[in-house]
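Quick notes on the structure that follows.
Everything numeric in this text was worked out from a predicted model, so none of it was measured. In what follows, chains are A, B, ... by sequence order, proteins preceding strands, each numbered from 1.
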2 protein chains.
Amino acid sequence: MSQPLIPPRGQHVDLRGYDPAFTGNLAKEQARQLLPALCERLNELQDTLYADRRFAVLVVLQGIDTAGKDGTIKNVFRDVGPLGCSVANFGVPTEEELAHDFLWRYHRETPARGKFVVFNRSHYEAVLVERVKSLVPEATWQARYDQINAFERLLVDEGVVVMKFFLHISREEQRERLQERIDNPKKHWKFRQGDLEERRNWDRYQQAFAEMLSRCNPAHAPWHIVPADHKWYRDLVVARALVDRIEALGLRYPGPFEHLAGIRVV
Amino acid sequence: MSQPLIPPRGQHVDLRGYDPAFTGNLAKEQARQLLPALCERLNELQDTLYADRRFAVLVVLQGIDTAGKDGTIKNVFRDVGPLGCSVANFGVPTEEELAHDFLWRYHRETPARGKFVVFNRSHYEAVLVERVKSLVPEATWQARYDQINAFERLLVDEGVVVMKFFLHISREEQRERLQERIDNPKKHWKFRQGDLEERRNWDRYQQAFAEMLSRCNPAHAPWHIVPADHKWYRDLVVARALVDRIEALGLRYPGPFEHLAGIRVV
């Protein structure tokens with residue numbers, strides 16, 4: 001049993017072909033043992049990325065409400081910590097943001113060389129919520145796929161590693177997670193009546209996700225479709241993909257400066 | 001054997017009275033056992049702070065080169081993570097920043113309600129490096145103590161908890177840490193020739209620190225003088241002070257909304 005993590009290029013993604021509960025025959029206990037070493041490795045890689053100063057890493061997290069974006073950040077970046085990584089959250093656009101092109105507010109938050117930034121929701125909202133709720137005309141959101149591709153091309157050309165993760169959960173899993181927010185008093189504050197309304201748009205969101213995954217999946221900035229019904233598998237997949245990709249950069253500590261030899265601090 | 005964490009108000013701080021190697025008779029092994037629970041508690045408190053939305057927390061870290069600002073962030077905010085906390089670093093001011101009042105770039109980075117922000121160096125640089133290196137006239141930096149007090153008063157009045165930590169190390173401890181950067185190839189990139197030049201200003205920095213600690217120490221935003229020669233003690237002191245202060249806020253999860261009762265998600 002297997003399913004691709006990165007959807008094949010040049011064909012339309014059908015999300016029904018991706019099982020949100022997929023775990024690759026891995027047991028939860030095994031995953032729990034594997035994750036800590038990956039988190040530690042990611043932290044080491046972040047240190048080297050900072051010293052090396054040639055590359056930056058932008059992690060894009062998308063997924064429907066309750067898909068587990070916050071939890072993924074908590075668990076995968078546990079060792080990297082706030083010193084090595086910052087998180088950009090994007091809410092309802094402000095008046096000033098609306099007065100600019102749709103990529104403006106996202107561009108400001110992209111990582112400087114040496115840094116990790118996680119987009120907790122991202123520029124893809126412009127072809128997700130804005131499309132599903134008809135906030136802009138179809139001609140506008142249709143043009144955005146190419147605009148997004150050009151934007152990510154620029155980032156990659158300039159040394160930003162763009163890692164995109166779509167957290168894929170089932171309709172039933174979302175039902176359980178929303179119900180938990182209603183039933184658990186400590187989670188009441190996370191719940192909005194609007195969440196139930198959004199859930200009624202489930203099919204339209206799945207369609208918008210599929211189109212985003214199909215049209216914005218170049219080799220230099222591919223999507224990863226992460227089976228996310230099981231949180232432990234989701235975290236492992238994201239951590240491993242990041243470690244593999246960043247290790248492949250061949251990062252290094254800048255070499256010794258000759259003039260340091262023999263210096264004694266007094 | 002004891003020494004105050006918060007210097008007494010209304011008298012001039014003499015840093016020679018504060019032992020940088022102080023550990024309050026605590027053993028390293030004990031501290032190692034105490035820290036994890038404090039880090040976890042800090043994470044819980046951050047969650048509640050976010051749900052509660054009445055307060056924000058601004059952590060200010062100051063200290064001479066190698067005092068351990070980065071290490072403190074790594075260790076104390078380990079469980080809070082990048083989702084719950086962001087770090088603002090302030091380097092050499094840009095042209096745009098210099099074209100504004102000196103507090104402008106710091107004000108932009110203060111935390112929104114519900115958030116933790118750590119200032120890794122802060123607005124106090126304006127009465128430290130700028131004073132020591134005579135980057136501005138004396139009349140300018142002399143006026144800044146009151147300007148800083150007024151700025152922090154505003155923040156506190158508006159719900160920001162301002163927690164200021166001065167990481168206090170000895171001259172000998174700095175010597176060892178700088179030497180390590182020269183001797184360990186993995187740390188070469190952290191070393192600048194300018195670091196040795198700055199070290200020659202040691203006494204002038206101690207004097208500037210003492211004045212900052214004396215003149216900007218109101219009850220609503222006190223300084224903590226953290227003995228920082230021992231990293232394990234430093235981390236414990238900072239973590240405990242944060243937990244104690246934030247617990248005293250009486251944070252709470254917003255109460256249950258009546259209209260949630262009985263809702264079944266379908």
(message) If I measure from the heavy atoms of chain B, does A:D79 come under 4.5 Å with its side chain, its backbone, both, or neither?
(response) both
(request) Sort B:Q174 into side chain, backbone, both or neither according to what part of it lies under 4.5 angstrom from a heavy atom of chain A. (result) neither
(message) Between B:N43 and chain A, with a heavy-atom cut-off of 4.5 Å, which part of the residue counts as in contact: side chain, backbone, both or neither?
(response) side chain
(request) For each of B:G81, B:A51, B:G84, tally heavy-atom pairs with chain A at distances under 4.5 Å, and name the one with the top tally. (result) B:A51
(request) Using a 4.5 Å cut-off on heavy atoms from C-beta on, say whether the side chain of A:L83 contacts that of B:V118. (result) no
(message) Quick check: closest heavy atoms across B:P82 and A:C85, and the distance to 0.1 Å?
(response) CB-O, 3.5 Å
(message) Is A:R200 close to chain B through its backbone or its side chain, or both, or neither, when contacts mean heavy atoms under 4.5 Å?
(response) neither
(request) Supply the atom-to-atom distance A:K190 NZ to B:Y50 OH, rounded to the nearest 0.5 angstrom. (result) 9.5 Å
(message) Given heavy-atom pairs under 4.5 angstrom as the criterion, report whether the side chain, backbone, both or neither of B:D183 touches chain A.
(response) side chain
(message) Taking every non-hydrogen pair under 4.5 Å, which of A:K187, A:R264, A:K186 racks up the most with chain B?
(response) A:R264
(message) Please check: side-chain N/O of A:K74 versus main-chain N/O of B:V80, any donor-acceptor pairing under 3.5 Å?
(response) yes
(message) side chain to side chain contact (heavy atoms under 4.5 Å, CB included) for B:I263 and A:R181? Distances and angles first, verdict last.
(response) CA-CA 11 Å; B:I263 290 183; A:R181 290 185 183 181; over 6 Å; no
(request) Find the distance between OH (A:Y253) and CG (B:N184) and round it off to the nearest 0.5 Å. (result) 9.5 Å
(message) Using a 6.0 Å cut-off, check whether atom CZ of A:R32 has over 12 heavy atoms from anything other than its own residue.
(response) no
(message) So for atom CD, which belongs to B:E197, do other residues, nucleotides or ligands contribute more than 12 heavy atoms lying within a distance under 6.0 Å?
(response) no
(request) Could you tell me which portion of B:R171 (side chain, backbone, both or neither) has an atom closer than 4.5 angstrom to a non-hydrogen atom of chain A? (result) side chain
(request) Report the residue from B:R177, B:Q179, B:E180 that forms a side chain to side chain contact (heavy atoms under 4.5 Å, CB included) with A:V265. (result) B:Q179
(request) Please flag which part of B:L178 lies under 4.5 Å from any non-hydrogen atom of chain A: side chain, backbone, both or neither. (result) both
